[in-house]
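Below is one structure, written out as structure tokens; the observations come after it.
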Amino acid sequence: MANQDSNTGSPPPTDHDLAGEVAGLRLLLAERDAELARLRLEAGQVKERRSDFLGMLAHELRNPLAPISLANTMLAKLPEPSSGLLNLHSVIHRQLQHLTRLLDELLDAASIDSGKLVLARAPLELGAVLRRALQTVQVRILERHQQLHMDLPEELQVHGDPLRLAQVFGNLLINASRYTGDGGVIRVAARAHEGMAVVTVADNGAGMDQGELAGMFDLFTRGARAAVRVEGGLGVGLNVVRNIVELHGGKVIGASDGPGRGSVFTVSLPLLASDSAQAALAPGAMPPSRRILLVEDNLDANDTLGQLLLGEGHSVTAAYDGIAGLALARTQVFDVLICDINLPGLNGYELIAQLRRTAGAHIPFAIAISGYGRQEESTRAIGAGFGRYVVKPIDIDALLALVASEAVTRFIAAAGNTR
């Protein structure tokens, strides 16, 4: 009689049966691996398409924002503007800043997600970064009659990207003001502790419950702190903060004793062991006058930016496409080129490349302007021959400071441009 299974009464599986089961399992595993590979490939393609879409979206939205921003700057420079006009200027300025910040945060989140966010790190004094970050929120704090207390030491040196760290602390200060009621208190303190620079941003505002604390750094997560007046947001700011801090080798944590009891965010960054002192730039008696070639196909942006540059004492020659811009650059002497990237006929990359190859035609310093904020665009522009890459809408004060800077003066002197 054949052997039978004692429990089921059926004969035990043969070697042939077991081999068949193993082959079936291997086939299932192979199919599962193939499916996982397909899903990973599709996820990568979706992420790439999302990144490309966000870049295109930012470009298309920044292009109309640029002339609006420049025109708004012109409003404030009109002779004897009325108080009503200045109030309108302030409203437009605040909303432009808000729109620009939303775009920047969305693009930063996409860059971080794709591993394309690159830091431009250098030794810097953290107190200066914190004071710069304060400028992004100072008007809001004053309007809401909030109290800001800052306790900063004389010097905390770190190795970091000044723009990105200012973004980190600017985001934390904006959140502190946003979730704190009118007349509330915000405290910023920095100290050295066990080789780290430790910065705290604390408020006595809405606070957070345990659920909000658990997910506050997740992408596209927004708290339900409805007890205070809050403008819209995308829920990406704190995620960007965490990733930038971690790229610096630091960490950020958030804490709250509960709803209505305020919040504290603590950022820790490695201190820089350096004895070198930063050299102060000696202020010049008079701002320099530059000969500027401005190449921008958007008529409104070209005209308003040209007027602002003229108002600072510079001479400006305008071109509205790449071919005309290159022709002017080859036949006249200029100190600075300000050039849009997305030009008809000849784009900015092609213009600067041809200009750099033309014997006897040289503009010492070239500034690219574009609606694209991705790191690869900036890298491509610098590689093509531009000295700086500026994203629209243009921070006009920063652009004017760059044009008049001592660094640009050195480029002009090295090129031997003559009047």
Side-chain angles (χ1 to χ4, degrees), residues 51-63 65-67 69-70 100 103-104 106-108 110-112 114-122 161-164 167 290 292-298 301-302 305 309 318-326 328-330 334-358 361-396 398-403 405 407-408 410-412 414-415:
S51 179
D52 291 342
F53 170 75
L54 290 174
M56 179 186 67
L57 176 66
H59 178 268
E60 294 302 320
L61 291 175
R62 279 186 168 123
N63 269 336
L65 283 178
S69 177
L70 292 169
T100 302
L103 283 173
D104 289 344
L106 193 58
L107 281 173
D108 287 341
S111 297
I112 290 167
S114 60
K116 294 180 179 178
L117 187 68
V118 179
L119 300 179
R121 299 175 70 177
D161 184 324
L163 293 179
R164 291 301 182 182
Q167 180 183 358
R290 311 291 194 204
I292 297 173
L293 173 60
L294 173 60
V295 189
E296 164 64 81
D297 63 313
N298 185 302
N302 194 316
L305 181 54
L309 291 165
Y320 297 92
D321 62 70
I323 295 172
L326 181 61
L328 286 168
R330 284 173 166 170
F334 296 100
D335 301 317
V336 175
L337 167 67
I338 300 176
C339 182
D340 187 30
I341 290 296
N342 192 24
L343 292 169
L346 192 73
N347 67 37
Y349 299 122
E350 296 165 335
L351 189 156
I352 194 68
Q354 292 195 33
L355 178 63
R356 296 307 189 207
R357 290 196 299 264
T358 302
H362 180 66
I363 299 179
F365 196 79
I367 302 168
I369 54 177
S370 173
Y372 288 105
R374 294 176 295 186
Q375 182 64 38
E376 54 264 39
E377 302 291 342
S378 174
T379 302
R380 182 183 176 189
I382 300 302
F386 287 100
R388 186 67 64 89
Y389 185 84
V390 176
V391 178
K392 300 176 182 178
I394 298 168
D395 182 338
I396 189 61
L399 179 66
L400 294 176
L402 173 62
V403 169
S405 68
V408 171
R410 289 196 294 269
F411 275 99
I412 295 170

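Computed from heavy atoms alone, side chains included, the values below leave out hydrogens, waters and symmetry copies.
Contact between Ala366 and Arg356 at its shortest, heavy atoms only, is CB-NH2, 3.8 Å. Here the closest heavy-atom approach between residue Asp297 and residue Pro344 is recorded as CB-CD, 3.6 Å. Of all heavy-atom pairs between Ala381 and Ala368, the closest is CB-CB, 4.3 Å. Residue Ser69 comes nearest to Pro393 through the heavy atom pair CB-CB, 4.0 Å, listed as atom of the first residue, atom of the second, then distance. Nearest approach of Glu377 to Tyr389, heavy atoms of both residues: CB-OH, 3.3 Å. Nearest heavy atoms, Ala329 versus Leu355: CB-CD1, 3.7 Å.
With contacts defined as side-chain heavy-atom distances shorter than 4.5 Å, the pair Val408/Val403 does not qualify.
Legend: residues meeting ring-ring contact (aromatic ring centres under 6.0 Å, His included) with Phe386, ordered by chain and number and at least two apart, are absent.
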Yes or no on side-chain contact (heavy atoms from CB on, under 4.5 Å) for Asp321 and Leu343, after CA distance, side-chain angles and deciding distance? CA-CA 6 Å; Asp321 62 70; Leu343 292 169; 5.7 Å; no
Is there a side-chain contact (heavy atoms from CB on, under 4.5 Å) between Leu399 and Ile367 once you walk through the steps? CA-CA 9 Å; Leu399 179 66; Ile367 302 168; 4.0 Å; yes
Can you list the steps and then say if Leu305 with Glu296 is a side-chain contact (heavy atoms from CB on, under 4.5 Å)? CA-CA 10 Å; Leu305 181 54; Glu296 164 64 81; over 6 Å; no
What's the verdict on side-chain contact (heavy atoms from CB on, under 4.5 Å) for Leu309 and Leu400, showing C-alpha distance, side-chain angles and the deciding distance? CA-CA 7 Å; Leu309 291 165; Leu400 294 176; 3.7 Å; yes
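Around CZ of Phe411, the count of heavy atoms belonging to other residues, nucleotides or ligands within 6.0 Å does not exceed 12.
Between the CD1 atom of Ile369 and the CD1 atom of Ile394 there is a distance of 4.5 Å, given to the nearest 0.5 Å. Atom CG of Asp335 is separated from atom CD1 of Ile363 by 9.0 Å, given to the nearest 0.5 angstrom. Rounding to the nearest 0.5 Å places CD1 of Ile338 at 10.0 Å from CG of Asn302.
For the residue pair Arg357 and Gln354, no side-chain donor N or O sits within less than 3.5 Å of a side-chain acceptor on the partner.
Under the side-chain contact (heavy atoms from CB on, under 4.5 Å) test applied with Leu351, the options Ile323, Ile341, Leu326 reduce to a single match, Leu326. Tested against Phe334, the residues Leu293, Leu294, Ile292 include a single side-chain contact (heavy atoms from CB on, under 4.5 Å) partner, Leu293.
Judged by distance alone, the side chain of Ser405 and the main-chain N or O of Leu402 form a donor-acceptor pair under 3.5 Å.
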